[in-house]
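Just so it is clear, the structure is predicted and the values come from calculations on it, not from any experiment. In what follows, every chain begins at residue 1, and chains take the letters A, B, ... in the order their sequences are listed.
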Amino acid sequence: MSKDNHENAPEAVKTNFIHQEIDKDLAENKNGGVVLTRFPPEPNGYLHIGHAKSICLNFSLAQKYGGGCNLRFDDTNPVKEDVEYVDSIQEDVKWLGFNWEGEARYASDYFDQLYLWAVKLIKNGKAYVDDQSAEQIAAQKGTPTEPGTESPFRNRTVEENLDLFERMKAGEFAAGEKVLRAKIDMASSNMHMRDPLMYRIIHKDHHRTGDKWCIYPMYDFAHGQEDFIEGVTHSICTLEFEVHRPLYNWFLDQILDGDEELQSKVRPRQIEFARLNLNYTVMSKRKLLELVQKGIVAGWDDPRMPTVSGLRRRGYTPESIRNFADKVGVARRDGVIDVALLESCIREDLNKKAPRVNAVVDPVKLIITNYPEGKVEMVDVINNPEDETQGSRQLPFSREVYIEREDFMEEPPKKFFRLGPGREVRLKGGYAVTCTDYKKNESTGEIEEIYCTYDPETKSGATTVDRKIKGILHWVSVEHAVDAEIRMYDRLYNHEAPSSQKDTDHLDFINPESLKIITAKIEPSLKEVKPLDKFQFQRVGYFCVDKDSTSDKLIFNRTVALKDSWSKKK
RNA sequence: UGUCCCAUGGUGUAAUUGGCAACACGUCUGAUUUUGGUUCAGAAGAGUCCAGGUUCGAGCCCUGGUGGGACAACCA
């Protein structure tokens with residue numbers, strides 16, 4: 001099933017420290033040469049670009065070593081989880097181009113086994129039921145620099161613990177009344193080893209197991225065992241789980257203790273890497289959820305969101321995201337990636353794929369005074385100079401056309417080679433025109449109309465004229481132009497932006513101009529489009545048809561602007 | 001007053017078992033171009049946090065600093 005994973009990804013995958021670790025394991029002939037990874041999201045939100053990095057990493061490891069990668073929902077906390085998220089996660093992983101090994105797995109499928117193992121720990125004197133409140137337990141935990149103190153319930157008999165745990169499971173107690181804790185070391189320098197909770201009581205229906213359970217395992221008591229059950233060899237997670245690794249291994253030791261059959265199975269190994277940070281971007285699910293709930297964005301798939309679904313709606317392609325994940329690399333040090341890298345990845349991909357199209361985003365009328373009134377001629381325009389198989393199309397040209405307002409200046413500076421009084425430019429695919437005059441609204445200062453004459457000898461493709469014309473403008477015939485709603489996106493967060501600002505509210509950095517809606521004049525060939533169709537608006541940027549677009553109302557999302565060295569010079 | 005992790009151009013990653021620091025993004029030139037896009041050619045920019053040590057030789061090994069990060073949810 002994993003054979004076709006990654007087929008379009010860059011073949012030269014850089015080696016990283018995880019490859020080196022796996023190579024080492026392989027050299028020692030661990031796990032019989034098998035490599036099985038997994039992507040284990042909790043279904044409590046939509047996937048974002050950070051998850052995409054992890055997905056690409058796990059699946060590309062599987063593909064590099066001829067192994068597989070599981071998709072497993074870590075659904076151990078019913079209060080935060082929902083099937084909506086389960087569905088969106090599967091959709092996003094598939095969209096990114098990956099196929100997991102077999103069916104999707106669920107931690108909840110292992111609840112019975114986990115329960116049995118918890119009982120085993122109790123029987124071995126390695127776990128006990130604690131009657132204290134969350135506050136009391138927290139107080140006894142100590143601090144990173146001071147040891148904790150032992151619970152008064154720590155030395156209950158095995159029989160009593162067994163009985164209590166059984167009754168916890170049976171629903172005899174209210175939430176918070178009792179928990180099951182591992183008996184490790186309240187003085188450990190690692191806080192996670194100070195008798196961590198294994199099970200807590202939650203009286204809430206689970207999206208898969210319904211009301212079967214009212215006790216649920218904590219992450220630490222679940223994750224390593226889930227990996228073990230599935231035969232995962234390398235459990236790749238992010239750096240913040242590093243301090244959990246001793247516990248991960250401790251629980252595995254306990255369940256394997258005295259069981260030769262289990263000991264003969266593959267033992268998973270946790271390896272951590274640095275999570276993705278992008279400047280101007282928040283990646284925390286909690287904050288993203290807040291943006292959705294407060295209506296600051298239109299939903300999880302709002303094109304300004306760093307979610308996979310948002311990026312998809314924005315016009316990003318799976319290839320571009322995979323390529324990005326590859327370029328970002330994998331390491332154990334925290335860093336912040338410049339969004340410019342992400343943007344360059346989508347430009348690179350769309351440059352070869354997206355057909356060029358004329359669209360005037362901020363139109364001003366240009367009238368060709370010596371062009372016959374009422375005359376319309378069709379001109380041939382190449383669809384994509386990067387890909388001649390995309391052919392060409394016919395565009396209506398007439399006496400009045402729209403051009404981009406910023407393509408005309410009353411007093412153009414020397415380096416500006418677009419239109420100005422007396423200047424000549426080419427209307428791409430059409431004729432060369434020379435500006436003879438223009439009409440300006442004296443009170444607003446706005447240019448209302450531009451008057452030009454055209455040279456019939458300069459029709460596109462005509463070889464008779466070899467004049468050098470530097471300025472080439474995109475245009476749309478006024479008579480044939482189609483209106484379209486254009487959604488111009490900017491960064492959701494302002495320059496000072498968030499990720500590192502722990503003490504400030506990310507909402508303080510919201511950019512009020514992150515979405516600007518305008519009406520553009522686009523060429524008539526664009527009338528028939530489907531959601532997610534992508535185009536390069538000539539000289540403007542890459543745009544993607546929105547899912548809400550209809551034949552009556554065209555809506556485009558701007559994926560990313562084109563590079564523009566002129567505006568940079570200004 | 002703890003434990004663990006990390007430290008390479010502006011940013012992110014590389015650097016075979018120690019052998020004159022490479023690639024990408026970004027920046028800047030120039031050329032081509034019916035997109036100031038693309039493409040092509042080229043440039044600037046780090047001597048690898050600091051100080052010692054081992055070695056013929058250290059970004060890689062050792063020691064000690066410094067700086068940054070993680071860890072005290074009945075979250076994952």
| said: Taking the six-membered ring for Trp, are Tyr316(A) and Phe324(A) closer than 6.0 Å centroid to centroid? | reply: no
| message | Ring centroids only, cut at 6.0 angstrom: are Trp475(A) and Phe397(A) within range, meaning strictly under it? | response | yes
Reckon [X] touches a base, only the sugar-phosphate, or nothing at all at heavy-atom distances under 4.0 Å?
X	value
Arg418(A)	base
Phe241(A)	base
Val328(A)	sugar-phosphate
Thr76(A)	sugar-phosphate
Val540(A)	nothing
Tyr216(A)	nothing

Return the nearest nucleotide to the side chain of [X]; candidates are [options].
X	options	answer
Ala134(A)	G36(B), A24(B), C74(B)	C74(B)
Asn16(A)	C75(B), A14(B), A70(B)	A14(B)
Glu42(A)	C75(B), U34(B), G26(B)	C75(B)
Asp74(A)	U34(B), A76(B), G37(B)	A76(B)
Pro385(A)	U35(B), U38(B), A70(B)	U35(B)
His192(A)	C75(B), C71(B), U35(B)	C71(B)
Lys80(A)	C75(B), G36(B), C74(B)	C75(B)
Arg356(A)	A72(B), U35(B), G36(B)	U35(B)
Leu341(A)	A24(B), U35(B), G36(B)	A24(B)
Ala340(A)	G36(B), C74(B), G26(B)	G26(B)

Quote, to the nearest angstrom, the [atom1] distance that separates [N] from [M].
N	M	atom1	result
C60(B)	C25(B)	P	29 Å
U32(B)	A41(B)	P	15 Å
G26(B)	G64(B)	C1'	37 Å
A70(B)	U39(B)	P	39 Å

Taking only side-chain nitrogens and oxygens of [X], does any of them come within less than 4.0 Å of OP1 or OP2 of [N]?
X	N	value
Arg347(A)	U38(B)	no
Arg332(A)	C6(B)	yes
Lys327(A)	U11(B)	no
Asn77(A)	C75(B)	yes
Lys470(A)	G36(B)	no
Arg275(A)	A70(B)	no
Ser565(A)	C28(B)	no
Ser344(A)	A24(B)	no

Pairing check on [N]: which nucleotide meets the Watson-Crick or G-U wobble criteria with it, both distances under 3.5 Å?
N	value
G64(B)	C50(B)
C25(B)	G10(B)
C20(B)	none
C71(B)	G2(B)

Nearest-Å distance for atom pair [atom1]/[atom2], residues [X] and [N]:
X	N	atom1	atom2	value
Asp326(A)	C23(B)	CG	C1'	12 Å
Trp250(A)	C4(B)	CH2	C1'	20 Å
Phe17(A)	G59(B)	CZ	P	23 Å
Leu562(A)	U39(B)	CG	P	11 Å
Lys468(A)	U34(B)	NZ	C1'	10 Å

Classified by glycosidic angle (syn within 90° of 0, else anti), G47(B) comes out syn
Heavy-atom pair of closest approach, residues Lys534(A) and Gly315(A):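 Residues Lys534(A) and Gly315(A), closest heavy atoms: CE-O, 3.1 Å.
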Does Arg156(A) make a cation-pi contact with Tyr128(A) (under 6.0 Å, within 45 degrees of the axis)? no
Quick one: the side chain of [X] and the base of [N], do they pair up donor-acceptor inside 3.5 Å?
X	N	result
Arg333(A)	G69(B)	no
Glu242(A)	G69(B)	no
His244(A)	A76(B)	yes
Gln536(A)	U35(B)	yes

- Message: Just by distance, no angles: are the side chains of His207(A) and Asp82(A) close enough, under 3.5 Å, to form a donor-acceptor pair?
- Response: no
| Do Asn70(A) and Glu230(A) have a side chain donor and acceptor closer than 3.5 Å? | yes
Contacts of Pro217(A) and Ala331(A) projected onto RNA chain B by closest heavy atom; the upstream (5') one is Ala331(A)
Sorted by position of nearest nucleotide on RNA chain B, 5' first, the leading residue of Gln20(A) and Leu197(A) is Gln20(A)
Within-4.5 Å side-chain heavy-atom neighbours: Lys183(A) and Leu121(A) | no
In a check of side-chain hydrogen bond (donor to acceptor under 3.5 Å, both in side chains) between His244(A) and each of Asn190(A), Asp220(A), Asn249(A), which one passes?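 That would be Asp220(A).
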Result for side chain to side chain contact (heavy atoms under 4.5 Å, CB included) between Asn323(A) and one of Ser344(A), Cys345(A), Cys56(A) points to Cys345(A)
